[in-house]
2 protein chains.
Amino acid sequence: MLQQDALRDRIVARFDEMSPQLQQAARYILENTQEVALVSMRELARNAGVQPATMTRLAKFLDLSGYEDIRAHFSEALRLRADGFAARAREREGEQGQAGSGLAHDMLQSLSAQIARLSEPEALARLEGAADLLGQARRVYVLGLRSCHSVAWHFHYVMTLLGDRTVHLDGPAGTGADGLLWAGPEDVLLVISISPYAVQSLELSALAREKGLSVVAITDSEVSPLIAISDQVILCSTESRTFFHTLTPALAVSEVLCGLMAARDREGSLKALQAADQHLATLDIYANTIPRRRI
Amino acid sequence: MLQQDALRDRIVARFDEMSPQLQQAARYILENTQEVALVSMRELARNAGVQPATMTRLAKFLDLSGYEDIRAHFSEALRLRADGFAARAREREGEQGQAGSGLAHDMLQSLSAQIARLSEPEALARLEGAADLLGQARRVYVLGLRSCHSVAWHFHYVMTLLGDRTVHLDGPAGTGADGLLWAGPEDVLLVISISPYAVQSLELSALAREKGLSVVAITDSEVSPLIAISDQVILCSTESRTFFHTLTPALAVSEVLCGLMAARDREGSLKALQAADQHLATLDIYANTIPRRRI
DNA sequence: CATCCTGTGAAACATTTGTTGCAATACGCG
DNA sequence: CGCGTATTGCAACAAATGTTTCACAGGATG
């Protein structure tokens, strides 16, 4: 256990002052950390050869309000560890009076973990597979509606800098779907959709499939309706402590896909980017200082 | 998840036969596996937005004797997973040297770290400050062009679900800027811009400032031109191992801002979201299965 | 239209949980 | 030995858990 663990340290530090029974309980906890999170206090006490009350007393002895605090602590530790998340101690010591003051911190930690989880071997394999498919396509149609628009658009935008192979299936006046008109079996549809799934995204994906396109899906669950009709699926978490779903992991996925595709053809990508740079330069799109006002 | 997981597979396999409520429960379990082991059934049900009884019913549906079987299974999985963690970490170190194929892994690790860095005290303080300012505004104008469009739009989209205070400064036919016409000192401009900075973003921000608006900026550097004209600045890294900049941290920031603002007024937010849900439901925007084709 | 059926929410249920008060015990010290 | 203190076990407690039951709503079927 690499991470700093305040509670664990406290137990060790005060171990000598404890009564024999408390020591027995404490010893068992130290040696079976994860059990604390996984079983009830009574069962833990049973396994430790100790009375249930002793666990409560141990908690009080450690200046905690009750056994629940012990469990909460080790639960959190286990959560983080199972996340495969590089140990980052959560110091909850100073809970500010403000409601939701720790929210930002929690959200960011959680996002960081969710993205880290994407770098597990299985997810990586899926990313590679998807990049393969997208890389071979004659044209890549990108579809993401409502909340997923941001991801779809960003993917399209980046790919635009690398060439003109991508088509964004969106547009004013509901003409988005028209883009599929000339699509065929050599093409690929990249669809991003999370629960609740926009009907139109599902319909268009099904249509694309019928037209013979391959389908790559970025979605949120193994039971997403997109799974059935997709050749490659990338799953990303959307859980958030807020009222809404997060799209940050999905965006990360789309950026990785762009990165992988660009890496397949370094030469071409560089040349394309130079062309894009030049194009944008002649249009005076960018600046580094606040421009004086043209009146 | 490398290991075979019979129960998980069974859930996925029989998902289609489930009733909507069962599906919702099953979906949550699939996406939050570890929570099953760590919290009580009732709490799990609460988080999944489902009645406690539904969890029991799900267990029965899966031919188990009760919910306890589900928990036992995922507990065991988590136990194994946590045990295997040390080994896996060592594996990960070994993989580092690989070229090309490690790109995805590197990118994700790096993104994870960048976001984690945002939860440092100073960044958190800035986030709180920005949320304060945005929360007090009569109206929030959101501006993000080119690559930053995705972030701006996502912020606007989420805030739309919470009310009608935000105005997205973008639109077809170059009319985006017109939105500022009626803006005044009680309003706030949220501008997202990273290097290279779009001229128009800078111009509009300067204009907003002249009209008396407060300015909150999400940008990438302490020497960003936006710093000079902003009341609150949130810095986020855009470094990436690819040819392009990453916007994932910026998106994370925007989601945190949304989260903070929603948390200030839980009541109002919940009510607004319910209204939005109802609105979208009556429009039949969403579905959970691929719709049969309307011919 | 009546009828069945399935899916759902709410309430009641027995059980288990974590906690606490109290008596029994062990132990140190004069 | 006697006494006081600290530790322990036990039993009772309220709160929660997981389960079951029942009634109702909505859709299909005859």
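Since this is a predicted model, take the numbers as computed values, not measurements. To find a chain, count down the sequence lines: A is the first, B the second, and so on, and within it residues start at 1.
- Between the CZ atom of B:Arg46 and the C1' atom of C:dG9 there is a distance of 16 Å, rounded to whole Å.
- Side-chain N/O atoms of A:Arg57 and base N/O atoms of C:dG18 include no donor-acceptor pair closer than 3.5 Å.
- Per the geometry, CD belonging to A:Gln51 stands 16 Å off P belonging to C:dT20, to the nearest Å.
- With distances taken from any side-chain atom of B:Arg42 to the nucleotides C:dG9, C:dA12, C:dT17, the minimum falls on C:dA12.
- To the nearest 0.5 Å, atom CG of residue A:Leu62 and atom CD1 of residue A:Ile70 are 6.0 Å apart.
- The distance from atom CZ of B:Phe61 to atom P of C:dT6 is 13 Å, rounded to the nearest whole Å.
- Rounded to whole Å, atom P of C:dT19 lies 12 Å from atom CE of A:Met55.
- When DNA chain D is scanned 5' to 3' for any atom under 4.0 Å from a heavy atom of chain B, the first and last hits are D:dT17 to D:dT21.
- If you measure from atom CE of B:Met18 to atom C1' of C:dT6, you get 16 Å, rounded to the nearest angstrom.
- B:Gln23 places its CD atom 11 Å from the P atom of C:dG7, with the value rounded to the nearest Å.
- Residues A:Ser224 and A:Thr219 have side chains that bring a donor and an acceptor to within less than 3.5 angstrom of each other.
- Looking only at atom types and distance, the side chain of B:Asp69 has a donor-acceptor partner in the side chain of B:Ser65 under 3.5 Å away.
- The shortest distance between the side-chain N/O atoms of A:Thr56 and the OP1/OP2 oxygens of C:dG18 is not below 4.0 Å.
- A cation-pi arrangement is absent between A:Arg146 and B:Tyr157 under the rule of less than 6.0 angstrom and at most 45 degrees off the ring axis.
- For the atom pair CG (A:Leu118) and CG (A:Leu124), the distance works out to 8.5 Å, reported to the nearest 0.5 Å.
- A straight line from CG of A:Leu64 to P of C:dG18 spans 15 Å, rounded to a whole angstrom.
- Across all non-hydrogen atoms, the minimal contact from A:Ala25 to A:Met55 is CB-CE, 3.9 Å.
- Between the OG1 atom in A:Thr242 and the CE atom in B:Met261 there is a gap of 13.0 Å [rounded to 0.5 Å].
- Computed from coordinates, the A:Glu68 CD to C:dT17 C1' distance equals 10 Å when rounded to whole Å.
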